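What follows is a set of notes on a single structure, which appears directly below.
The shown structure was predicted, so the numbers you read here are calculated from the model rather than taken from an experiment.
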Amino acid sequence: MKINVKLFAVHRQLAGRREVFVEVSDGARVGDVWHALKAQVPQLGHLSDSVLAALNQDYAPLDAPVRAGDEIAFIPPVSGGAHVRGG
């Protein structure tokens, strides 16, 4: 089945596009989509430990099941700026 994957920030930069369609088997889970995405965009491989996922615009664990036509977003870690106290 075909899954639409949205990419943001560094994921988008590494893939060179905003979205990717990946093929996964029936019964696949969000983590399977991530692995299929990494097969298409190997540059994403080093980010596996810190990726978050959203399934149809709700945060989802990597073991959440997916269905044909679902939209998944993989979100890279985001860090804030330096916090400076006093002056």
Side-chain angles (χ1 to χ4, degrees):
M1 69 182 147
K2 188 176 278 189
I3 304 293
N4 181 16
V5 179
K6 302 282 187 185
L7 301 172
F8 299 95
V10 69
H11 291 167
R12 180 182 295 177
Q13 292 170 353
L14 291 171
R17 48 198 157 157
R18 295 176 179 208
E19 65 183 343
V20 176
F21 287 93
V22 299
E23 283 286 332
V24 291
S25 304
D26 289 343
R29 300 191 177 271
V30 171
D32 298 321
V33 175
W34 174 248
H35 290 294
L37 175 64
K38 289 191 310 181
Q40 286 189 31
V41 186
Q43 301 91 329
L44 297 174
H46 72 286
L47 300 171
S48 292
D49 292 339
S50 55
V51 69
L52 292 176
L55 175 60
N56 298 323
Q57 301 184 1
D58 289 319
Y59 285 109
L62 294 178
D63 63 351
V66 296
R67 297 184 181 101
D70 279 348
E71 178 183 279
I72 295 179
F74 288 110
I75 305 154
V78 177
S79 61
H83 180 77
V84 179
R85 291 184 180 188

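Remark: side-chain polar atoms of H11 are paired, donor with acceptor, to backbone N or O of F74 under 3.5 angstrom. R29 places no side-chain N or O within 3.5 Å of a backbone atom of A64 that could act as its donor or acceptor partner. Using modelled atom types, one side-chain atom of N56 and one backbone atom of E71 make a donor-acceptor pair closer than 3.5 Å.
Between Q57 atom CD and I72 atom CD1 the span is 12.5 Å, to the nearest 0.5 Å. Taken from CG in D26 to CZ in R67, the straight-line distance is 11.5 Å, to the nearest 0.5 Å. Taking CG from L44 and CH2 from W34, the interatomic distance works out to 4.5 Å, rounded to the nearest 0.5 Å. L7 contributes atom CG, which lies 11.0 Å from atom CD of Q13 (distance to the nearest 0.5 angstrom). Atom NZ of K2 sits about 10.0 Å away from atom CG of N4, to the nearest 0.5 Å.
Here the closest non-hydrogen pair linking A53 and L62 is CB-CD2, 4.4 Å. Contact record, A54 with I75: CB-CD1, 4.3 Å, taken as the closest heavy-atom pair. Smallest separation of non-hydrogen atoms from V24 and A36: CG1-CB, 3.9 Å. The two residues P65 and L55 have their closest heavy-atom pair at O-CD2, 3.5 Å. The heavy-atom pair separating P76 from V10 by the smallest distance is CB-CG1, 3.6 Å.
Two residues are said to be in side-chain contact when any heavy atoms from C-beta on lie closer than 4.5 Å; D63 and V30 fail this criterion. In this structure, E19 and V5 have side chains that are not in contact, with every pair of non-hydrogen atoms separated by 4.5 Å or more.
Around atom CZ of F21, more than 12 heavy atoms belonging to other residues, nucleotides or ligands sit under 6.0 Å away.
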